[in-house]
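Here is the structure we will look at, set down as structure tokens.
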Amino acid sequence: IAAYVKEDGGIGLFDVRTLSEIAVLRDGSHKAFGIAISPTSGILASNCDDGTVCFWDIAKKQQIKADKVHGVLGTFIAYSHDGKQLACGGVDESLVIRSVANGVSASYQMETFPLAVAWSPSDDCLALGMEDQSVVLWNVTQKQVEKVLIGHREPPIAVCFSRDGKLLATGGADKTIRLWDVARGELISTLEAHQDSVMALAFSGDGTTLISGGRDRRILFWKTGGP
């Protein structure tokens with residue numbers, strides 16, 4: 001099952017085998033902005049327009065609960081790879097990391113609001129694409145900013161770690177993709193081919209290829225040199 005946010009704020013569930021929409025999740029009160037599916041359970045979380053995070057049982061197509069997390073519009077939301085934590089951001093410039101087991105949340109005030117997030121493969125670092133055009137590396141264990149990466153000319157709205165965590169790819173409204181050395185916090189290269197904002201990024205399983213999707217409706221494949 002894949003999920004996507006519809007124009008009206010509903011959540012479409014898509015069967016990737018039959019290539020068809022099988023359901024739309026709505027509760028009448030909240031419009032989804034960002035969504036994430038747990039890697040360890042059949043739960044979908046949505047960050048909504050009023051700062052509420054809603055949790056849905058995909059199999060039953062029912063909402064489990066809705067918790068107020070942000071003061072205003074929520075932006076991204078993402079589960080950690082082990083499914084134990086949930087990170088979400090809001091235009092109130094907050095970063096919230098929530099324990100899935102007990103629902104306890106820790107909130108951190110950022111200097112500007114985050115637009116995109118990616119967990120490192122070891123779940124000890126978050127890469128945050130920020131509204132001020134920077135990329136922040138947040139140390140989850142130490143609960144503080146570890147590095148700030150500067151390079152984009154417009155806000156980065158897609159971020160993705162390589163499988164080994166050594167590379168970070170970021171894509172922005174400036175139509176570029178930037179590859180960073182995570183340990184050094186240094187820019188390795190800038191990739192330019194999209195004709196509009198870069199909206200999505202993913203590394204192949206073997207780490208040799210980066211796939212990018214843009215608002216120009218193109219999907220591009222880039223060789224990264226391996227893991």
Side-chain angles (χ1 to χ4, degrees), residues 33-41 43-55 65-152 155-172 178-187 201 203:
F33 187 89
I35 58 175
I37 296 176
S38 168
T40 57
S41 69
I43 303 300
L44 181 147
S46 59
N47 208 2
C48 299
D49 60 340
D50 62 351
T52 299
V53 173
C54 298
F55 296 88
K65 59 181 175 179
D67 295 337
K68 187 73 171 179
V69 175
H70 306 286
V72 289
L73 171 70
T75 53
F76 67 78
I77 190 164
Y79 280 96
S80 58
H81 295 285
D82 62 9
K84 295 180 179 179
Q85 298 181 88
L86 187 65
C88 52
V91 297
D92 56 0
E93 301 181 353
S94 65
L95 165 66
V96 175
I97 300 178
R98 177 188 177 106
S99 168
V100 172
N102 56 28
V104 174
S105 298
S107 182
Y108 308 98
Q109 196 66 27
M110 312 300 285
E111 293 186 2
T112 184
F113 66 86
L115 294 165
V117 65
W119 288 87
S120 67
S122 56
D123 288 334
D124 59 357
C125 179
L126 286 171
L128 304 167
M130 308 299 287
E131 191 270 340
D132 66 357
Q133 304 175 20
S134 68
V135 177
V136 169
L137 297 183
W138 178 267
N139 189 305
V140 176
T141 304
Q142 297 179 7
K143 303 176 183 179
Q144 64 183 17
V145 174
E146 189 170 287
K147 295 182 180 72
V148 178
L149 312 180
I150 304 296
H152 281 285
I157 47 183
V159 289
C160 180
F161 282 96
S162 61
R163 191 171 183 179
D164 61 7
K166 295 180 179 180
L167 290 179
L168 177 71
T170 61
R178 296 174 192 263
L179 291 178
W180 307 85
D181 183 302
V182 174
R184 297 176 181 175
E186 296 177 355
L187 180 66
L201 293 167
F203 280 93

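Below, each value reflects all heavy atoms present in this structure, side chains not excepted, and no hydrogens, waters or symmetry copies.
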*Residues in ring pair (Phe, Tyr, Trp, His ring centres under 6.0 Å) with Trp138, at least two apart?*
Tyr108
*Mind listing the closest non-hydrogen atom pair of Ala158 and Leu201 along with its distance?*
O-CD1, 3.6 Å
*Polar side-chain atom of Asn139 near backbone of Val145 as donor-acceptor pair, under 3.5 Å*: no
*Under a 4.5 Å cut-off applied to non-hydrogen side-chain atoms, are Val140 and Leu126 in contact?*
yes
*Quick one: does Asn47's side chain have a donor or acceptor within less than 3.5 Å of a partner on Gly89's backbone?*
yes
*Which value, rounded to the nearest 0.5 Å, describes the distance between Glu131 atom CD and Thr112 atom OG1?*
4.0 Å
*Between Ser38 and Gly83, is there a donor-acceptor pair closer than 3.5 Å when you use the side chain of the first and the backbone of the second?*
no
_Exercise: identify the closest heavy-atom pair between Ser134 and Pro156_ = O-CG, 3.4 Å
*Judged by atom type as modelled, is there a donor-acceptor pair below 3.5 Å linking the side chain of Thr75 to the main-chain atoms of Pro114?*
yes
*For residues Gly185 and Trp180, report the shortest heavy-atom separation together with the two atoms involved.*
O-CE3, 4.4 Å
*Which heavy atom in Tyr79 sits nearest to a heavy atom in Ala45, and how many Å separate them?*
OH-CB, 3.8 Å
*Quick one: closest heavy-atom pair of Cys125 and Phe161, and the distance?*
SG-CZ, 4.2 Å
_For a 4.5 angstrom cut-off between non-hydrogen side-chain atoms, does His152 reach Thr170?_
yes
*CG-CE distance between Leu149 and Met130, expressed to the nearest 0.5 angstrom*: 12.0 Å
*Is any side-chain heavy atom of Glu146 less than 4.5 Å from a side-chain heavy atom of Val136?*
no
_Sequence-distant partners of Asp124, salt bridge (Lys or Arg N to Asp or Glu O under 4.0 Å), two or more places apart_ = none
*Could you name each residue pair satisfying salt bridge (Lys or Arg N to Asp or Glu O under 4.0 Å) that touches residues 81-102, not counting sequence neighbours?*
Asp67-Arg98
*asked:* For the backbone of Trp119 and the side chain of His81, can you confirm whether one donor and one acceptor N or O come within less than 3.5 Å of each other?
replied: yes
*Exercise: identify the closest heavy-atom pair between Asp181 and Ala183*: OD1-N, 3.1 Å
